J.: 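Shown below is the structure under consideration.
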Amino acid sequence: MGCIFCKIVSGEIPSDKVYEDEKILAFRDLNPEAPQHVLIIPKVHLTSISEATDEHIELLGYMQIKIAEIAKKLGVDQSGFRIVANTGDEGGQTVHHLHYHLLGGRFMQWPPG
Ligand code: DGP
C-alpha cells in the first residue's frame, strides 16, 4: 500500500518519534507550523474520522487521552495547544491516514485561515 503514514509506522520511512505504543505513534511534522508540531496517528490504517465506525470508539478515545499525555511531555499542557484533524479535500487533508496535528508553543489564531 502507498500510504506514507503506514510506511512511517512500519519504519520504512524514518520519523522523529515523540511517543509510541502498540496502538499509536506520535512524531514531529516534516513542515512544522509551530514550535511544537506533532502528528498523532493510529497504527492501523483508517483514512479519516469520516470512516470511523463503532469499532473505533475505544481507539479514538484512547488517542484523546494519549494526546493529553503527549502535550504534557512537550511542555504545552499548561500554556495551551491546539489539536486539528484535517478531514477530506476541503478540510485540507493531504495524507489520507487519520492524524491529529498537535500544535503548541505559540499563540494560535482563531479562526484559522
Ligand atoms: P494534512 O494536511 O492534515 O493531511 O497533514 C499532513 C502532514 O503530514 C503535513 O503537515 C506534512 C506531514 N508529512 C507529510 N509527509 C510526511 C513525512 O514523510 N514525515 C513527516 N514527519 N511528516 C510528513
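Everything numeric here is computed off the predicted structure, so don't read it as measured data. Counting convention: from 1, in listed order, for ligands and their atoms alike. Index from 1, following the sequence.
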J.: When you check the side-chain N and O atoms of Gln36 and Arg106, is any donor under 3.5 Å from an acceptor?
T.: no
J.: Atom CD1 in Ile70, atom CD1 in Ile40: separation rounded to 0.5 Å?
T.: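 So the gap between those two atoms works out to 5.0 Å.
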J.: Listing by chain and number, which residues have a heavy atom under 4.0 Å from ligand 1?
T.: Ile4, Phe5, Ile8, Phe27, Arg28, Asp29, Leu30, Leu39, Asn86, Gly92, Gln93, Thr94, Val95, His99, His101
J.: Hydrogens and angles aside, do Asp21 and Tyr62 bring a side-chain donor and acceptor to less than 3.5 Å of each other?
T.: yes
J.: Look up atom NZ in Lys43 and atom CD1 in Ile8, then write down how far apart they are to the nearest 0.5 Å.
T.: 12.5 Å
J.: Tell me, please, which residues at least two apart from His37 pass ring pair (Phe, Tyr, Trp, His ring centres under 6.0 Å).
T.: His101
J.: Nearest 0.5 angstrom please: Leu60 CG to Leu98 CG, how far?
T.: 6.5 Å
